[in-house]
Amino acid sequence: MTGTTSPRDRLIVALDLPSVAQARAMIETLGDAVSFYKIGMELTYSGGLPLAEELVRAGKKVFLDLKLHDIPNTVARATEQVAHLGATFLTIHAYPQTMKAARQALGNSPLKLLAVTVMTSYDDNDLREAGFALGVKDLVARRAQQAKEAGVHGLILSAEEAAGMRAALGPDMLLVTPGIRPAGADVADQKRVMTPARAIAAGADHLVIGRPVTQAADPKAAAEAIVAEIAAARAP
Ligand code: C5P
């Protein structure tokens, strides 16, 4: 749990931008308002890893959303490399072999692993088509438990699932939730959304927010407003 984490560090701004130049301009605009950034696959494949290191050197925190999944040896070796970049969070898929390999490879690194249980684009039919016997709800619960057993530090999940997972997994599992929209913000392609205050009340430790900040008329003011809402929110 992040009881001592500042409200600012609980906001993670998703840098879903096509180039490092655009990401750098956004980081400049946001200035001190934002302390934690998520770099996903799009930006990673267009020069985002050196940017991640640059951010760490500048005192920012970085979440590398790389969703690792491969044979254990490859996952372990990739995790060792990511650990050198200085990031705070790395995502992996919640397969037992993958989670155990990544956890063991961390050694004494302060890098924390977040497991993606079931992609939110999947429903029960998609899982069946892919050969799974369990539906979404049961598979998420099983993988969350396996993540805890593997010593994985946290989960990516929707805010709607946060309260149930907090109750099932206890206070130490980090819960990181995308799909957050401040009241009145454009929902865009997100379907199940929650406001920052409600997500914190549901037990989320960190909120991943992209477009409501990066596409706001005044991104810095939008980020400041979200941090203020987090600060005023009542944790469970
Ligand atoms: O712009 P928006 O706030 O919707 O961005 C949310 C971020 O969280 C994006 O980077 C998206 O890829 C990520 N994400 C998500 N839903 C998930 C997992 C990750 O929206 N289930």
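Indexing begins at 1, ligand by ligand and atom by atom, following the structure's order.
Here is the list of ligand 1 atoms found below 4.0 Å of a heavy atom in R211: 1 (O), 2 (P), 3 (O), 4 (O). Against a heavy-atom cut-off of under 4.0 Å, A14 is close to the following atoms of ligand 1: 10 (O). Taking a cut-off of under 4.0 Å to the non-hydrogen atoms of I209, the atoms of ligand 1 that pass are 3 (O). Under a 4.0 Å criterion applied to the non-hydrogen atoms of V208, ligand 1 contributes the atoms 7 (C), 8 (O).
Between A33 and E224 the shortest heavy-atom distance is CB-OE2, 3.6 Å. When all heavy atoms of I156 and V116 are compared, the closest pair comes out as CG1-CG2, 4.2 Å.
At least one side-chain heavy atom of Q146 sits less than 4.5 Å from a side-chain heavy atom of M99. Proximity of R143 to V118: side-chain heavy atoms (C-beta onward) are separated by under 4.5 Å at one or more points.
The closest approach between a heavy atom of M119 and any atom of ligand 1 is not below 4.0 Å. Ligand 1 has no atom lying under 4.0 Å from any heavy atom of G40. Using a non-hydrogen distance threshold of 4.0 Å, R181 registers as a contact of ligand 1.
Counting heavy atoms under 4.0 Å from ligand 1, residue P212 touches it through the side chain alone.
Ring geometry for Y95 against F132 counts as tilted: the plane angle lies between 30° and 60°, on a 0 to 90° scale.
Of all protein heavy atoms, the one lying nearest to atom 21 (N) of ligand 1 is T120 OG1, 2.8 Å. The single protein non-hydrogen atom nearest to atom 6 (C) of ligand 1 is Q190 NE2, 3.8 Å, given as residue, atom name and distance. Regarding atom 10 (O) of ligand 1, its nearest protein heavy-atom neighbour is D16 OD2, 2.7 Å. Atom 12 (O) of ligand 1 has its closest protein heavy atom at K38 NZ, 4.1 Å.
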Trace of the side-chain contact (heavy atoms from CB on, under 4.5 Å) decision for H153 with L106 = CA-CA 11 Å; H153 307 86; L106 280 184; 3.5 Å; yes
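Across P178, G210, G179, heavy-atom proximity to atom 3 (O) of ligand 1 is greatest for G210.
The OG1 atom of T98 sits 7.0 Å away from the CD1 atom of I92 when rounded to the nearest 0.5 Å. Considering CG of L207 and OG1 of T177, their distance stands at 4.5 Å, rounded to 0.5 Å.
In this structure, F63 has its ring center at least 6.0 angstrom away from the ring center of H206.
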